[in-house]
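To start, the structure under review is shown below, and the notes come after it.
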Amino acid sequence: MAFLMKSMLSNQVKNLGLGGGGEENKEESTPSDPAAAAGMTREEYEEYQKQMVEEKMERDAAFAQKKAERACLRVHLREKYRLPKSELDENQIQMAGDDVGLPEDLQKMVAQDQEEEEDKDSILGQLQNIQNMDMDTIKEKAQATFTEMKQAAEQKCAVM
């Protein structure tokens with residue numbers, strides 16, 4: 001209510017010319033040309049605007065490239081761990097173009113992981129794992145599994 005009264009009274013006072021017209025003078029004193037407001041000539045201001053637009057485009061392109069690289073990494077991890085694919089990641093990769101790949105540091109890490117997995121999957125890797133295992137624990141696990149299977153068979157079959 002106070003706002004309404006204030007706005008009505010200030011409009012009436014402005015119409016009478018008794019004051020309150022200072023705002024109009026301030027608006028008129030500011031230059032309408034943004035180049036003059038920035039203290040530059042028109043050509044300098046246009047060049048400045050072009051540079052700003054180019055820099056923004058470069059930043060946006062770099063940002064899109066980084067997002068696509070991260071999406072590529074997520075896709076790789078999803079494939080590795082057999083997780084469901086994400087349409088968002090695929091869209092980001094497509095938007096960035098075909099030249100998207102993992103960054104060099106991540107490629108090195110992935111290569112090291114693959115080498116370790118290949119070593120574990122090989123026969124020599126399995127033999128090394130057997131050497132590291134304790135035979136007593138293997139025997140205990142085998143007997144525990146055998147007794148569990150025997151108990152399950154006895155519950156299912158009335159003859160045993």
*Stepwise, does the side chain to side chain contact (heavy atoms under 4.5 Å, CB included) test hold for Ile93 with Val75?*
CA-CA 10 Å; Ile93 292 171; Val75 166; 4.0 Å; yes
*Does Arg78 reach the main-chain N or O of Pro84 with its side chain, forming a donor-acceptor pair under 3.5 Å?*
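Flag set: sc Arg78 to bb Pro84 pair under 3.5 Å.
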*asked:* Connecting only ILVMFWY residues whose side-chain heavy atoms lie within less than 4.5 Å of each other, what is the rest of Met95's hydrophobic cluster?
replied: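 Grouped by the 4.5 Å side-chain rule, Met95 forms a cluster of one, so the answer is none.
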Who are the side chain to side chain contact (heavy atoms under 4.5 Å, CB included) partners of [X], not counting sequence neighbours?
X      : result
Glu87  : none
Met40  : Ala38, Glu44, Tyr45, Tyr48
Met149 : Thr145
Lys85  : Glu90

_Lys108: partners by salt bridge (charged side-chain N to carboxylate O under 4.0 Å, His left out), with sequence neighbours left out_ =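 With sequence neighbours excluded, Lys108 shows a salt bridge (charged side-chain N to carboxylate O under 4.0 Å, His left out) to no residue whatsoever.
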*Worked verdict on Arg59 versus Phe63 for side chain to side chain contact (heavy atoms under 4.5 Å, CB included)*: CA-CA 6 Å; Arg59 285 193 311 269; Phe63 181 68; over 6 Å; no
Partners passing side chain to side chain donor-acceptor pair (under 3.5 Å) against [X] (at least two apart in sequence or in another chain):
X      : value
Lys56  : Asp60
Arg74  : Asp89, Gln92
Glu140 : none

If you round to the nearest 0.5 Å, how far is [atom2] of [Y] from [atom1] of [X]?
X      : Y      : atom1 : atom2 : result
Met109 : Leu73  : CE    : CG    : 8.5 Å
Cys72  : Gln65  : SG    : CD    : 10.0 Å
Lys139 : Gln143 : NZ    : CD    : 9.0 Å
Asp113 : His76  : CG    : NE2   : 7.5 Å

_Glu54 and Lys50 ion-paired at < 4.0 Å_ =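 Salt bridge flag = no for Lys50 with Glu54.
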